[in-house]
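Presented below is the structure to which this report refers.
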Amino acid sequence: MRVGTGYDVHRLAEGRRLILGGMEIPFSKGLMGHSDADVLLHAICDALLGAAALGDIGQHFPDSSQEFKDIDSRILLQRVDNLLQAHGWRIENIDSTLIAQSPRLAAYIPAMCINIADILKIEPDQVSVKATTTEGLGWEGQGEGIAAQAVVLINKVKS
């Protein structure tokens with residue numbers, strides 16, 4: 001068994017869709033990034049890659065590549081899952097936290113868990129997504145951006 005952690009952050013900006021956990025969240029701003037900037041899926045990708053000692057999201061999907069310009073992060077997560085499977089790893093569970101002052105995310109969390117589980121072909125009860133604020137402190141609390149953290153547990157598939 002191995003544990004991996006992931007962290008991602010993106011700035012909020014006008015004129016972008018807010019994509020979190022593979023779904024669009026109604027909000028006046030979205031996250032800036034080379035891809036769709038889904039901080040939650042990016043943190044999970046990094047946690048999975050780290051647990052398997054396979055590098056990080058920037059190594060596999062560089063923001064200098066036009067191939068990944070505006071790419072749907074669900075595709076990136078699927079590619080990470082394919083890489084883990086090719087190296088003989090199985091996902092046991094994912095625990096993640098979104099850090100944002102607004103919008104309020106609680107109503108969207110069950111659908112995010114289902115989205116993530118569907119992409120990774122695991123059960124929804126193997127995925128935990130939580131949301132918290134910073135009580136107005138720091139750049140997240142000032143509404144400048146959104147961050148996400150993830151911890152994963154993977155296990156080697158018995159041959």
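In this text, all values refer to a predicted model and were calculated from it rather than measured experimentally.
- Taking Ser96 as the reference, nothing meets the side-chain hydrogen bond (donor to acceptor under 3.5 Å, both in side chains) condition, with sequence neighbours excluded.
- Residues Ile91 and Leu48 meet the side-chain proximity criterion, which asks for heavy atoms closer than 4.5 Å.
- The CZ atom of Arg79 sits 6.5 Å away from atom CZ of Phe61, with the distance rounded to the nearest 0.5 Å.
- The line from CD of Glu24 to CG of Leu18 is 8.0 Å long, rounded to the nearest 0.5 Å.
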Step-by-step side-chain contact (heavy atoms from CB on, under 4.5 Å) determination, Val127 to Asn115: CA-CA 10 Å; Val127 179; Asn115 284 345; over 6 Å; no
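- Around the CD atom of Glu123, the shell of radius 6.0 Å holds no more than 12 heavy atoms that belong to other residues, nucleotides or ligands.
- Taking the side chain as every heavy atom from C-beta outward, Arg74 and Asp118 never approach each other to under 4.5 Å.
- Summarising the geometry of Ile109 relative to Val129, their closest heavy-atom pair is CG2-O, 3.1 Å, with the distance given to 0.1 Å.
- Hydrophobic clustering, with ILVMFWY side chains joined whenever heavy atoms are under 4.5 angstrom apart, groups Leu84 together with Val152.
- Electrostatic pairing of Glu92 and Arg90 counts as a salt bridge here, judged by a charged N lying under 4.0 Å from a carboxylate O.
- Test Ile119, Leu41, Val39 against Ser73 for side chain to side chain contact (heavy atoms under 4.5 Å, CB included) and you get one pass: Leu41.
- Here the side chains of His42 and Ser35 are in contact, with some heavy-atom distance below 4.5 Å.
- The structure places CD1 of Ile94 at 5.0 Å from CG of Leu120, a figure rounded to the nearest 0.5 Å.
- Taking CD of Glu140 as the reference point, atom CG of Leu12 lies at 10.5 Å (rounded to 0.5 Å).
- In this structure, Asp36 does not pair ionically with Arg16, as no charged nitrogen and carboxylate oxygen lie closer than 4.0 Å.
- A chain of hydrophobic side-chain contacts below 4.5 Å, direct or via other Ile, Leu, Val, Met, Phe, Trp or Tyr residues, connects Leu20 to Tyr108.
- Of the inter-residue distances, the one linking Ile122 atom CD1 with Ile116 atom CD1 reads 8.5 Å to the nearest 0.5 angstrom.
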